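First comes the structure, then the notes that go with it.
Bear in mind that the values here come from a model prediction, so they are computed numbers and not experimental data. Numbered from 1 within each chain, the chains take letters A, B, ... in sequence-line order.
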Number of protein chains: 4
Amino acid sequence: MSQDRTSKKGKPAGRPRGRPPSKAARQKALQAARDILMREGFGRLTVEAVAARSGVGKPTLYRNWANASELAMAALMAGEVETTEAGDARLETALGGQMRALVRAFATTRGRQIAIALAAADPESEMTKAFRNRVILSSREAGRGTIEAAAARGEIGPVDDIEALLDMIYGPLFYRLLVGHRPLDERFADNVVAIALRALGVGNRP
Amino acid sequence: MSQDRTSKKGKPAGRPRGRPPSKAARQKALQAARDILMREGFGRLTVEAVAARSGVGKPTLYRNWANASELAMAALMAGEVETTEAGDARLETALGGQMRALVRAFATTRGRQIAIALAAADPESEMTKAFRNRVILSSREAGRGTIEAAAARGEIGPVDDIEALLDMIYGPLFYRLLVGHRPLDERFADNVVAIALRALGVGNRP
Amino acid sequence: MSQDRTSKKGKPAGRPRGRPPSKAARQKALQAARDILMREGFGRLTVEAVAARSGVGKPTLYRNWANASELAMAALMAGEVETTEAGDARLETALGGQMRALVRAFATTRGRQIAIALAAADPESEMTKAFRNRVILSSREAGRGTIEAAAARGEIGPVDDIEALLDMIYGPLFYRLLVGHRPLDERFADNVVAIALRALGVGNRP
Amino acid sequence: MSQDRTSKKGKPAGRPRGRPPSKAARQKALQAARDILMREGFGRLTVEAVAARSGVGKPTLYRNWANASELAMAALMAGEVETTEAGDARLETALGGQMRALVRAFATTRGRQIAIALAAADPESEMTKAFRNRVILSSREAGRGTIEAAAARGEIGPVDDIEALLDMIYGPLFYRLLVGHRPLDERFADNVVAIALRALGVGNRP
DNA sequence: ATATAAACGAGACGGTACGTCCCGTCTTTCG
DNA sequence: CGAAAGACGGGACGTACCGTCTCGTTTATAT
């Protein structure tokens, strides 16, 4: 009959009416998806396989996620939040630490699965946007905070083209992840940060 | 590899015996693949669809490409060569020109299809490697040539961490393509080049 | 199953405690089932569809009927009772009248739905037996009464193989309904009765 | 057998063009369907189950039959032909023999499956019509031949309402099959034939 | 000219996964 | 405490493509 799930009535509206969605089912599905992603890769993460491994019914999966790639993103997102503090450390220390952590986090199977999932997803879906913001762009935003804090306290001058600069710091990580032409290691992290700092006028050659 | 073939006359290496593979079939298939990629996207580029649209039989497609994603890469590669000269122009001019051209070339549907194709492909296959080298990394190598030429003629000092620097120039393009958080435009191209030059010690702030 | 479960005691207890079973719900469900049967056919009569159309909850439906085909039979049974009197009319008049009425009643969409419902039902269930007795066999029993009355008053001789004869009178109706090779009309009703009477020695050829 | 897709052009027309349909696959599917029908009944004859048991792919099944009930009919039809001769035997002998054979053939699980399949099928489909003609109506037509032969050689007088008579001979069989109120046995067969003969004026009571 | 052979198109094959429908059960809130 | 609402695990549906495999046909070269 009525498809309106939100039922935006004036009432404070306690619980909606019927049996509530099962958190347990969602958790089991995400865990199974994570397992498959790590053991067999994105291409084998089918809705059918998740249903079989998790014991959750297919219709329940489709009630929660629109397709396999949204399920993959949800699995990759779960427990992702570790945002670094904008802190007071010197810019090099702060950026370098974050970059090294990122490299460690992404230089795994999961890193490439994240890139593939992003490529395969419908770029307009809400889930994709959430994934993008929480998994891909959150570090970029942390970096923006770090740099702006350094500018505010006078460690560096004002930065006018910060968007491009941020892409130059965080883009290379995904570039290497996707293209695979060179390894993702800490030396790489350090070099990227060093170059960015030179561009910011820190530690320039004489 | 082996050339040993009894051939009358001065013909270079006689033909194998039966009907030769049809170039026309390959061309029709690639054209159909290109059409589908541009009109419907990577997800709809199936071997079946290419066969139906091109009139080429499925076995012929499989004789030429291992699967749909290799066919996609082949279609995206066709007519790709335009490598920029390493030229003698000033570094900023050369890099900026190349970057603007790249942005123009990739800020299209095709650009995103390229990124998706790369993500979906088996990273070990020969076709993927060729695609990576010709479509993704050729501009990076051109940039390396440009920068090394500038160093050689003394326009800039020696660059020790050039790999990271190249990734910081070309990575952001794919980052924006894949993530879609900001537009790919010429202002972006100019900003990236400007920041890279600052890092190289060109046009630094006083 | 279909009858009221609530009548727990004779009288003294007022209401049994909670909310009483709703007769209205049962009626709404049966009406919805009838609608669907007539408009869309037996194959579309699902418990889900009846719940949606009637506003009655699925558990309530299952409380009253074991599955969709019992619900169908219940819907087809409702208001079915019109059993003809065994009367004193001449045999031909009585049988012919009943047969014509039967043909009129079954030569409709509903007739075929009844045959289908019977075929699809679990032949052992109580509901099926009730359906069989009330909808399929009640006319046959009426016919038995008519014939036995005629024998009792000497209009015909004793009939020893009356079971087969009854099947020969009422079977053809369902045969045509199910197989559909010839129309169900009054000429057919008359011919069947005429042949049966000849077999009973009434109006034989000289 | 079931569908004649071969383009009926004026040309002698060799083979159509591609790989020809596999008779073996069709045979395996029918055998599996027969097995399931006999062991588990019509309700368990799903396309999925036939695919699993036969090793034939689901799309191949759908290429040959429109749905499970057509597959069931095809399975029930296979090897069905045994049409009785119109013969010169006395009418009672001929009809009685056929009727007893029919009762033996249908008084099995298969008999009820046939009735159910007929009820469940789309009455307009070609397959249903073929099933009806070959499985349900072929005996009726044989009976017509037998009776007309008897009339032609003067054993009985002319029969004007033969359609109704035929339904009264063959209808009761399906009636008992479907309704299940009385057993299908040879006594029943004999009684039906005897009553029909009385109606035809053979062996009437004095 | 005539074999011979390879590649061609067509299209059916056994499969896997899709996303949907409905089943019959269960858990929750409301009356 | 029963009825509505509605999510659940399950199973089958019918479809889309996969990559493989015959087929009969076409187009070359080699005899």
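- Residues passing the side-chain hydrogen bond (donor to acceptor under 3.5 Å, both in side chains) test with Glu70(B), sequence neighbours excluded: Ser125(B).
- The nearest whole Å value for the distance from the CG atom in Leu61(C) to the P atom in dG6(F) is 15 Å.
- When each of Leu45(B) and Pro21(A) is assigned the nucleotide of DNA chain F bearing its nearest heavy atom, the one mapping closer to the 5' terminus is Pro21(A).
- Qualifying side-chain hydrogen bond (donor to acceptor under 3.5 Å, both in side chains) partners for Arg112(D), counting only residues two or more places apart in sequence or in other chains: none.
- Applying the salt bridge (Lys or Arg N to Asp or Glu O under 4.0 Å) criterion to Arg44(A), with sequence neighbours excluded, gives Glu40(A).
- For the pair Trp65(D)/Leu30(D), a side-chain contact is recorded, criterion being any heavy-atom separation below 4.5 Å from C-beta on.
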Every protein N/O lying under 3.5 Å from an N/O of nucleotides 10-12 of chain F:
| residue | atom | partner | partner atom | Å |
| --- | --- | --- | --- | --- |
| dG10(F) | OP2 | Gly55(A) | O | 3.3 |

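- Atom OH of Tyr62(D) is separated from atom C1' of dC18(E) by 14 Å (rounded to the nearest Å).
- With sequence neighbours excluded, the residues satisfying side-chain hydrogen bond (donor to acceptor under 3.5 Å, both in side chains) with Lys58(D) are Glu48(D).
- One interatomic measurement links the two molecules: CG of Leu71(D) to P of dC13(F), which rounds to 10 Å at whole-angstrom precision.
- Overall bending of the helix from dA1(E)-dT31(F) to dG31(E)-dC1(F), expressed as the angle between end axes built from five pairs apiece, is 10° (10° steps).
- Contact detail for Ile116(C) and Ala119(D): the closest heavy-atom pair is CG1-O, 3.5 Å.
- A close approach under 4.0 Å does occur between a side-chain nitrogen or oxygen of Thr60(C) and OP1 or OP2 of dA4(F).
- Between the CH2 atom of Trp65(B) and the P atom of dT20(F) there is a distance of 16 Å, rounded to whole Å.
- Take the nearest nucleotide of DNA chain E for Ser22(D) and for Ala68(A): the residue whose nucleotide is more 5' is Ser22(D).
- For the pair Val56(D)/Asn64(D), no side-chain contact is recorded, criterion being any heavy-atom separation below 4.5 Å from C-beta on.
- What separates NZ of Lys28(C) from C1' of dA3(F) is a distance of 10 Å, to the nearest Å.
- Using a 4.5 Å cut-off on side-chain heavy atoms (C-beta onward), Phe131(B) and Glu126(B) make no contact.
- When the P atom of dG19(E) is taken as reference, atom CG of Asn64(A) falls 15 Å away, rounded to whole Å.
- Atom CD of Glu70(C) is separated from atom P of dG24(E) by 10 Å (rounded to the nearest Å).
- Note: CD (Glu40(C)) to P (dC21(E)) measures 14 Å, nearest angstrom.
- At a cut-off of 3.5 Å, with distance as the only test, no side-chain donor of Arg110(B) or Gln113(B) sits close to an acceptor on the other residue.
- Residue order along DNA chain E, read from the 5' end via each residue's closest nucleotide, puts Lys23(B) first among Lys23(B) and Ala66(A).
- A donor-acceptor contact under 3.5 Å is formed by the side chain of Arg19(A) with the base of dC26(E).
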